[in-house]
Amino acid sequence: MAARPRLSPAMADVRRAIRDSWETYGVQEGDTVVIACSGGADSLALAAASLFEGKRAKIKVIAVVVNHNLQKGSKEIAEQAKTTLMELGYVTVEVVEVKVVSGSLGMEAAARNARYGAIDDFAKRYGAKYSMLGHTLDDQAETVLLGLARGSGPRSIAGMSALSADGKYLRPLLGLRRETTVAFCVDSGIAYWQDPQNLDTKFSRVKVRLNVLPVLEKELGPGIASALARTAEILQEDNQYLEAQAEIAFHEAAKTTNNSVVLSVEELYQLAPAIRNRVIHNSLVLLGAEPSKNHIDAVVALLTNWHGQKPLTLPAVRVVRVGQEITLKSTKTTKPGAC
């Protein structure tokens, strides 16, 4: 039997992050949590530390590996990740294959949606309280920079949260650098997979990682990634307040059916733009759309610059103003489940 590796600073940091996350979000004895594992250093560090802490706290830790079938040898890579997890001591671990169809979303977004769907299904089957993801502070910094570059607004710049908005996912490692998860694996003797796509600059995130952040660190000094992560944290606090106000405003301004949202022009007009835009955004999302700022601005124009315009045809939603009401109706063939 191999000797247990000595506790290193990296191992202690990752384990502490797991404990803190569970304490903060109420993971208790008898609960089940899912680890989403790709076989990379981040997710394997998360998996190993969670299993260790789970045994101590009597929390059941299980794992899922999602195979997107987007790379040559992806099935073998997924099976190797499963083998590594079983060697760590996992009893319940599955490889789930998904089919990725890019459509209008683009391949990265489509793969993400397919992955999260598979994780959700796995978590439901086992009655898990949360699924856990291995995103690090470096991932957060990259997300903030991408949001800035795309002009995506405060939601995007706020990055990822330690607890996802839908309450399904925990990200305990957002305060740790990627180098810590790599050190965790090295110190623990865990062989991890290095995805060649992480060096392929055709992906925007890889460009940020390899080209943009190093230049910022060189020209502006060290600590840029941490500063970007702090920016995200501050914006998350602001967004939480604004979203709460928008939720109140939505219930006052909107009437919903199984495939439409009817907004009161009078109620909308009285709202501050930051709240009004969120009400419109949330209405579009409720009907299955993925609205851009241009889409929201087009709906706002029906309110603030009304001169009898024709109905708007947005992706997944048709919008029309009649008198003092703006009606958003789903054009999808299946009814949106949220309404």
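Everything quoted here is computed from the prediction, not taken from an experiment. Side chains are part of it too, since the values below use all heavy atoms of this structure and drop only hydrogens, waters and symmetry mates.
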Sub-3.5 Å donor-acceptor pair from the side chain of Thr136 to the main-chain atoms of Leu174, do we have one? no

Spacing of CD1 belonging to Ile280 relative to CG belonging to Leu328, to within rounding of 0.5 Å: 8.0 Å

Ion pair present between Asp138 and Arg177, side-chain N to carboxylate O less than 4.0 angstrom? yes

Are the side chain of Asn277 and the backbone N or O of Ala274 linked by a donor-acceptor pair below 3.5 Å? no

Common cluster, Leu51/Ile62, ILVMFWY with side-chain heavy-atom separation under 4.5 Å: no

Straight-line distance of Leu235 CG to Ser156 OG, nearest 0.5 Å: 10.5 Å

Is the count of non-hydrogen atoms from other residues, nucleotides or ligands lying under 6.0 Å from Glu267 atom CD greater than 12? yes

Side-chain donor-acceptor pair under 3.5 Å between Ser260 and Thr257, yes or no? yes

Cluster overlap Leu85 with Val91, hydrophobic side-chain contacts below 4.5 Å: no

Ser264 side chain to Ala253 backbone, donor-acceptor under 3.5 Å: no

Do the side chains of Val279 and Asn282 get nearer than 4.5 Å, heavy atoms only? no

Test side chain to side chain donor-acceptor pair (under 3.5 Å) on Tyr25 and Asp20; report intermediate values, then the result. CA-CA 9 Å; Tyr25 298 110; Asp20 290 347; over 6 Å; no

Starting from the C-alpha separation in whole Å, work towards a yes-or-no answer on side chain to side chain donor-acceptor pair (under 3.5 Å) for Ser8 and Asp187. CA-CA 7 Å; Ser8 70; Asp187 297 341; 2.6 Å; yes

Which is it for Val93 and Val64 under the side-chain contact (heavy atoms from CB on, under 4.5 Å) test, yes or no, and what are the steps along the way? CA-CA 5 Å; Val93 51; Val64 60; over 6 Å; no

Between Asp139 and Arg178 (salt bridge meaning N to carboxylate O under 4.0 Å), is one present in this structure? yes

Single-linkage hydrophobic cluster, 4.5 Å side-chain cutoff, Leu88 and Ile77 together: no

For the residue pair Ala49 and Arg15, what are the closest heavy atoms and their distance? CB-CG, 4.0 Å

Please check this pair: side chain of Gln140 against backbone of Met160, looking for a donor-acceptor N/O pair closer than 3.5 Å. yes

Shortest non-hydrogen pair, Leu268 vs Ile326, comes out as CD1-CD1, 4.5 Å

dist Leu148:CG -> Thr231:OG1 (nearest 0.5 Å) comes out at 8.5 Å

Are Ile119 and Val95 linked, directly or through other ILVMFWY residues, by side chains that come within less than 4.5 angstrom of each other? no

Of all pairs that satisfy salt bridge (Lys or Arg N to Asp or Glu O under 4.0 Å), the ones with a partner from residues 78-89, not counting sequence neighbours: none

Using side-chain contact (heavy atoms from CB on, under 4.5 Å), reason through Val319 and Leu314 one step at a time and then give a plain yes or no. CA-CA 8 Å; Val319 188; Leu314 305 178; 4.0 Å; yes

Is a donor from one side chain sitting under 3.5 angstrom from an acceptor on the other, for Tyr169 and Asp120? yes

Quick one: do Leu173 and Val186 end up in the same hydrophobic cluster if we chain Ile, Leu, Val, Met, Phe, Trp and Tyr together by side-chain heavy atoms under 4.5 Å apart? yes

Given 3.5 Å as the limit, does a donor-acceptor pair link the side chain of Lys129 with the main chain of Gly26, or not? yes

Heavy-atom closest pair, residues Tyr192 and Gly40: CB-C, 3.9 Å

Can you confirm whether Phe184 sits close enough to Ile190 that some side-chain heavy atom of one is under 4.5 Å from a side-chain heavy atom of the other? yes

Full working for side chain to side chain donor-acceptor pair (under 3.5 Å) between Thr180 and Asp13: CA-CA 8 Å; Thr180 301; Asp13 287 345; 5.1 Å; no

Nearest heavy-atom contact between Leu133 and Ala36 is CD2-CB, 3.8 Å

Side-chain heavy atoms of Ser164 within contact of Arg171, under 4.5 Å: yes

Go through the steps to decide whether Arg205 and Thr143 satisfy the test side chain to side chain donor-acceptor pair (under 3.5 Å), and finish with yes or no. CA-CA 8 Å; Arg205 183 173 290 274; Thr143 299; 3.0 Å; yes

State, yes or no, whether a side-chain contact exists between Trp193 and Gln80 at a heavy-atom distance under 4.5 Å. no

Give a yes or no answer on whether the side chain of His295 reaches the backbone of Ser292 with a donor-acceptor pair at less than 3.5 Å. yes

Count the heavy atoms of every other residue, nucleotide or ligand shown that sit under 6.0 Å from CD of Gln309, and state whether that count exceeds 12. yes

Find the distance between CD1 (Ile35) and CZ (Phe122) and round it off to the nearest 0.5 Å. 10.5 Å

Ion pair present between Arg16 and Glu53, side-chain N to carboxylate O less than 4.0 angstrom? no

Note, Val320 side chain near Leu312 side chain (heavy atom, < 4.5 Å): no

Within the 4.5 Å heavy-atom criterion, are Leu302 and Val265 side-chain neighbours or not? no

Say whether, by atom type as modelled, one donor and one acceptor occur between the side chain of Ser21 and the main chain of Ala17 under 3.5 angstrom. no

Kindly determine whether Ser131 and Leu170 satisfy side-chain contact (heavy atoms from CB on, under 4.5 Å), including the steps that lead there. CA-CA 6 Å; Ser131 297; Leu170 295 181; over 6 Å; no

Those residues that, when tested against Tyr130, pass ring pair (Phe, Tyr, Trp, His ring centres under 6.0 Å) (two or more places apart): none

Could you check whether any side-chain N or O of Tyr126 sits under 3.5 Å from a backbone N or O of Val34, counting only pairs where one atom can act as donor and the other as acceptor? no

Nearest 0.5 Å please: distance from the OG atom of Ser50 over to the NZ atom of Lys55. 12.0 Å

Check whether any side-chain heavy atom of Leu146 sits under 4.5 Å from a side-chain heavy atom of Ser204, and report yes or no. yes

Could you give the distance from CD1 (Ile234) to CZ (Arg230), rounded to the nearest 0.5 Å? 8.0 Å

What one should report as the nearest heavy-atom pair of Gly39 and Leu44 is O-CD1, 3.3 Å

For Ala118 versus Val66, what's the shortest heavy-atom pair and its separation? CB-CG2, 4.1 Å

For the side chain of Gln236 and the backbone of Ala158, is there at least one donor-acceptor N/O pair under 3.5 Å apart? yes

Within-4.5 Å side-chain heavy-atom neighbours: Pro172 and Met132: yes

Tell me whether Glu94 is salt-bridged to Arg125, with the criterion being a basic N under 4.0 Å from an acidic carboxylate O. yes

Applying side-chain contact (heavy atoms from CB on, under 4.5 Å) to Val14 and Leu46, what does each step give before you reach the verdict? CA-CA 7 Å; Val14 176; Leu46 175 69; 5.8 Å; no

Say whether Arg278 and Asn239, considering side chains only, have a donor N or O and an acceptor N or O under 3.5 Å apart. yes

